[in-house]
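Since the structure is predicted, the reported quantities are computational estimates derived from the model, not experimental observations.
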Amino acid sequence: MEDTIVSKGIPMHSRMIHSLNGTQSPIPYGKKGQYILSVDRANLNKELLSAAETYSTLKLNFAHKLLNWSTETGAMTFLRADGAKEEILADLIVGCDGAFSAIRKQFLRQSRFNFSQTYIPHGYLELTMPPINGEFAMKPNYLHIWPRNTFMMIALPNLDKTFTCTLFMPFDEFENVTTGDQVTEFFQKYFPDAIPLIGADALKRDYFRLPAQAMVSVKCSPYHLSDKCVLMGDAAHAVVPFYGQGMNAGFEDCLVFNEIMDQLNEDFSAVLPEYTRVRVPDDHAIADLAMYNYVEMRSHVNSKWFLFRKYVDNFLHIIMPRTIIPLYTMVTFTRTRYHEAVKRWHWQDKVINQGLLCVAASVVGGSYLLVRYPPNMPNISIEQLWTRLQALKSPF
C-alpha cells in the first residue's frame with residue numbers, strides 16, 4: 001500500500017520562496033534525501049477503498065446518513081438514500097466522520113466532555129496553474145510559497161503537470177477584491193510572476209468560481225465513551241492545513257490504537273481510556289503547531305534571522321544528530337510524539353539562543369579589548385616585512 005501511494009506522489013525536497021522581485025530561494029525540509037509528498041487525495045481515497053474491499057468480513061455502505069446512536073447499546077440509526085431507516089448494532093463505534101462529526105454530537109451531551117472549535121480569520125481559495133507545452137510551469141519538486149507577511153499563496157504539483165495554487169488570506173482582504181480588474185491589480189502587486197503562469201483570463205475567471213472557504217480547528221477530550229465509541233481523525237482533532245499533518249495525524253491515530261489493542265489484549269474497556277490518555281496531548285500539540293506554521297510560512301520565511309537560525313539548527317543537527325533535531329524533522333520524519341517534539345523544540349531553542357548570545361558577547365568583548373588595549377606590535381616597514389617573508393620561502 002505504501003509503495004503504491006508513494007509511487008503516485010510527487011516528492012518535494014524544499015520550500016521554494018518567491019519574493020516580490022521574482023527571485024526564488026529554496027529552503028530544504030531536512031537532510032539530503034528527505035522530502036514530503038504531494039499526494040492526490042481522490043486517488044488516496046480510491047486506493048484505501050480498493051484495499052478495504054479485499055477483506056471478505058468488511059461491508060461498505062454508501063449514502064447512509066447517521067441520525068442517532070445509543071451510548072448504552074451501540075445501536076445506530078441511519079437514513080438510506082431511498083428514504084428508509086436502518087438500524088445497526090455495533091460492539092464498537094469508531095467515529096471518523098470529520099470536523100463536523102455526527103458521532104461527536106452524542107459526546108457533547110455527556111458530562112465532563114471538553115470541546116472547542118476555532119475558526120481562524122483567514123480563508124482559502126484554490127486556483128489552477130496549467131502545464132506549459134506539456135510540462136510543469138515551475139520546478140515540480142518544491143512546495144512553492146509566495147509569503148506576503150499577513151497572507152500567502154502556495155502551489156503544489158500534480159501528476160497531470162498542473163499546480164494547485166491556494167491563496168490563504170484574511171476574509172476582509174478577499175471581500176475587498178470584487179472585480180476582475182481588481183484581481184489583476186492585486187496579483188500584479190503581490191504575485192506578479194504567477195500571472196503569466198496561471199493566465200490572466202483564467203485568473204479573473206477562476207478567482208470568482210467559488211467563495212473563499214473557512215478553516216476550523218477542533219479540540220476535544222476525552223476521545224472515548226465507555227467501551228462503546230472512540231473518535232479518530234478530524235472528528236477528534238481537526239487542524240488547519242499549514243503543517244501538512246492533518247491526514248498523517250489521523251493515520252497515526254489508527255496506528256497507535258492498533259498498538260494499544262495489542263498491548264491490552266483487545267479489551268475495549270482498557271484500550272479506549274489508554275488511547276485517550278496517549279493521543280489527546282499529541283493531537284492538541286499538532287493543532288497548535290499547525291497554527292504556528294501558518295505564521296512561519298507567510299511571514300518568518302522572509303526574515304534573515306529565521307533563515308540564519310534554520311542554517312544553525314541544520315548545522316548543529318549534522319554534527320550532533322542525537323542532541324539537536326530541528327522541529328520540522330521531528331514532526332515530519334520521525335515517530336516522535338507531537339507534544340514531546342514541542343517540548344524538545346522549546347528546550348533546543350532556549351539552548352541555541354543562549355549559545356548564540358554567548359558567542360556574540362565574546363566577539364563584542366574581544367573586539368572591545370583589542371581596541372582598548374591593543375597589543376604591542378614592533379614597528380616594521382613594508383619592505384622589511386616583505387624581506388622576511390621571502391626569507392621564509394627560501395630553502396637555504
Side-chain angles (χ1 to χ4, degrees), residues 66-69 71 93-124 150-152 166 168-172 174 211-257 260 271-300 327 330-332 336-346:
L66 179 66
L67 297 178
N68 203 356
W69 65 278
T71 57
I93 300 170
V94 182
C96 305
D97 52 338
F100 305 101
S101 169
I103 291 288
R104 196 179 59 225
K105 288 180 181 178
Q106 284 285 13
F107 282 66
L108 293 170
R109 299 189 178 105
Q110 308 302 311
S111 174
R112 299 172 64 193
F113 176 68
N114 300 306
F115 173 80
S116 67
Q117 172 180 289
T118 304
Y119 280 95
I120 66 172
H122 295 233
Y124 72 92
T150 59
F151 57 90
M152 70 175 181
T166 309
F168 297 98
M169 192 164 65
F171 277 104
D172 55 2
F174 277 114
Q213 303 297 300
M215 291 174 284
V216 66
S217 180
V218 170
K219 293 181 181 178
C220 68
S221 67
Y223 287 167
H224 71 285
L225 272 181
S226 64
D227 61 351
K228 288 295 182 186
C229 183
V230 64
L231 299 174
M232 294 186 184
D234 282 359
H237 48 79
V239 299
V240 292
F242 305 111
Y243 224 108
Q245 287 292 310
M247 186 178 291
N248 288 341
F251 284 140
E252 192 173 56
D253 286 346
C254 302
L255 184 62
V256 170
F257 188 81
I260 295 173
V271 168
L272 270 56
E274 178 65 6
Y275 170 76
T276 284
R277 186 191 70 81
V278 171
R279 285 308 283 171
V280 165
D282 290 333
D283 293 332
H284 287 189
I286 194 58
D288 294 337
L289 280 174
M291 291 286 199
Y292 159 79
N293 212 47
Y294 182 34
V295 179
E296 178 174 307
M297 292 174 71
R298 64 180 165 85
S299 179
H300 291 175
L327 174 64
M330 285 189 283
V331 170
T332 307
T336 304
R337 294 180 61 184
Y338 292 132
H339 86 279
E340 291 176 355
V342 171
K343 283 183 181 178
R344 183 166 185 159
W345 170 47
H346 288 316

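Here the closest non-hydrogen pair linking Thr332 and Tyr243 is OG1-CE2, 4.2 Å. In plain terms, the two heavy atoms of Phe171 and Ile120 that are nearest each other are CE1-O, 4.3 Å. Between Ala238 and Ala99 the shortest heavy-atom distance is CB-CB, 3.7 Å. Nearest heavy atom pair, residue Ile103 against residue Cys229, reads CG2-SG, 3.5 Å. When all heavy atoms of Ala249 and Asp283 are compared, the pair lying nearest together is CB-OD1, 4.5 Å. Of all heavy-atom pairs between Ala341 and Leu327, the closest is O-CD1, 3.9 Å.
Two residues are said to be in side-chain contact when any heavy atoms from C-beta on lie closer than 4.5 Å; His300 and Val295 meet this criterion. In this structure the side chain of Arg298 never reaches within 4.5 angstrom of the side chain of Phe151, judged on heavy atoms. Within the 4.5 Å cutoff, side-chain heavy atoms of Met215 are placed close to those of His122. Contact annotation: the side chain of Val342 never approaches that of Val331 to less than 4.5 Å [non-hydrogen atoms, C-beta and beyond]. You'll find the side chain of Tyr119 stays beyond 4.5 Å of the side chain of Val240, heavy atoms only. Annotation: side chain of Trp345 is in contact with side chain of Leu289 (closest heavy-atom distance under 4.5 Å). Ser217 has its side chain out of reach of Gln117: every pair of non-hydrogen atoms, C-beta onward, lies at least 4.5 Å apart. Annotation: side chain of Lys228 is not in contact with side chain of Leu225 (no heavy-atom distance under 4.5 Å).
Rounding to the nearest 0.5 Å gives a distance of 4.0 Å between CG of Asp282 and CZ of Arg337.
Aromatic ring pairs are classed by plane angle as parallel below 30°, tilted from 30° to 60° and perpendicular above 60°; the pair Phe168 and Tyr124 is tilted. Relative ring orientation between Tyr275 and Tyr223 is described as tilted, the plane-to-plane angle lying within the 30° to 60° band.
Residues passing the ring pair (Phe, Tyr, Trp, His ring centres under 6.0 Å) test with Phe113 are Phe107, sequence neighbours excluded. In this structure, the salt bridge (charged side-chain N to carboxylate O under 4.0 Å, His left out) partners of Arg277, at least two apart in sequence or on a different chain, are Glu274.
Sorted pairs that involve residues 229-250 and meet salt bridge (Lys or Arg N to Asp or Glu O under 4.0 Å), not counting sequence neighbours, are lacking altogether. Within the structure, salt bridge (Lys or Arg N to Asp or Glu O under 4.0 Å) contacts touching residues 211-223 (residues at least two apart or in different chains) are Lys219-Asp288. Under the salt bridge (Lys or Arg N to Asp or Glu O under 4.0 Å) criterion, no residue pair touches residues 103-121, with sequence neighbours excluded. Residues in residues 238-256 take part in these salt bridge (Lys or Arg N to Asp or Glu O under 4.0 Å) pairs, two or more places apart or across chains: Glu252-Arg279, Glu252-Arg335, Asp253-Arg279.
With hydrogens and angles ignored, the 3.5 Å screen pairs a side-chain donor or acceptor of Gln213 with a backbone N or O of Pro211. In terms of modelled atom types and a separation under 3.5 Å, the side chain of Gln106 and the main chain of Trp69 share a donor-acceptor contact.
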